[in-house]
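Reading through the structure tokens given below for one structure.
Note that the structure is predicted; figures quoted are calculated from it, not measured. Counting starts at 1 for both ligands and their atoms, in listed order.
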Amino acid sequence: MKKIIAVISTLLLFACLQAQQLPRIIILATGGTIAGKGASADRAGYTAGKIPIEDLIGAIPQVKKVANISGEQISSIGSQDMSIEIWKKLAVRANEIFDRNEADGIVITHGTDTQEETAYFLDLLISSDKPVVLTGSMRPATAISADGPKNLYDAITVAANPKSKGKGVIVSFNEGIFDGRDVMKMSTTKVNAFFSPNTGPIGQVYDGKVEFYQASMREVNVKTPFSVSLTTKLPRVDIVYMYADASGDMIDMLVAKKVDGIVIAGVGNGNFNKAYMDAVKRAVAAGIVVCRASRTPSGRVVLEDEINDEQLGTIVSDDLTPQKARILLMLGLTKTKDRKQLQQYFFKF
Ligand code: GLU
């Protein structure tokens, strides 16, 4: 009898020690389709953000062998309702987790619609080099062949892997690993929804194995001058879309609203027509910072190329999409209104 007790105790001790050695991962849940519930398995219609994080983790018991997991519900929304308030909560909590050494990595579950924006916002604000991995799903948990459990399992695997350190905020989706700065939602409904049109994926996760093939050269993965607290009021920056024969009315409306910055989702190399040109001049004269980006999903907007930015008083987004240029401009404007300094941010981060 004594022998049996001794063997059981040794086994329990061994199991405990093993569990202690596993990386500690905290999941910050925000909602999205990954937590979505549909009326039946064969219907695509569903409500996002209905399933609590405990149940999402419960659906992948295998993950207990990969990491020690705990979860926190930050919000329960579809990511079309993502807000600056929730972004600030995520950034503050993530930095707090790492400052207090509460975890070795963070996974954020998130709707796919604005996942790329949250990834870049956090990329600019999280100061630790420990892994931060966003994921989500295209099919709700109740659907046939739901992709959420697999994506969550993979994201935890990526966050728990030491190779993921120093990569900035990354997105793990459909077995691809993407840089938070470059990734973009590229399909409205398909499970391979994410891609980085300029750079491609930086790595892959398959069968519990993580491999990286390239890394971003941008300093966003190192350190930025930006920081936020829960009470920080971010400058207002809006995006205006350019299209054939557009009038400058939207830009004039934003000038009247006294916004702090405008990003133009221009055509091609950040171009716009004469009506926009005149309206942009009025915006710049009103002290608004105007950034030229492009509605074209790949390539960069080149400074002083087709448009004389020096003369017009504009800056360019480089290869950031309009929605990401807005984020960098919002944070940049918390530091300076100087056009040259802001432009440098776009070449650095
Ligand atoms: N629109 C919802 C969201 O972004 C559902 C899309 C999704 O998560 O895939 O949260």
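In Lys89, the NZ atom is not crowded: 12 or fewer heavy atoms of neighbouring residues, nucleotides or ligands sit closer than 6.0 Å.
For ligand 1, the atoms sitting less than 4.0 Å from at least one non-hydrogen atom of Gln80 are 1 (N), 2 (C), 3 (C), 4 (O), 10 (O), numbered in the order shown with element in parentheses. Taking every heavy atom of Thr33 and a limit of under 4.0 angstrom, the matching atoms of ligand 1 come to 5 (C), 6 (C), 7 (C), 8 (O), 9 (O). Atoms of ligand 1 found under 4.0 Å from any heavy atom of Asp113, numbered from 1 in the order shown, are 1 (N), 2 (C), 3 (C), 4 (O), 6 (C).
Under 4.0 angstrom from ligand 1, the non-hydrogen atoms of Ser137 all belong to its backbone.
Checked for salt-bridge contact, Arg181 and Asp123 miss the test: no charged N lies under 4.0 Å from a carboxylate O. A salt bridge is defined here as a Lys NZ or Arg NE, NH1 or NH2 lying under 4.0 Å from an Asp or Glu carboxylate O, and Asp318 with Arg218 meets this definition.
Side-chain polar atoms of Asn151 and Arg139 form no donor-acceptor pair below 3.5 angstrom.
If you check each of Gly136, Gly32, Ser79, Ala35 against atom 4 (O) of ligand 1, the one with the closest non-hydrogen atom is Ser79.
With hydrogens left out, the protein atom closest to atom 9 (O) of ligand 1 is Thr112 OG1, 2.4 Å, a heavy atom.
Looking only at side-chain heavy atoms (C-beta outward), Glu116 and Lys185 come within less than 4.5 Å of each other.
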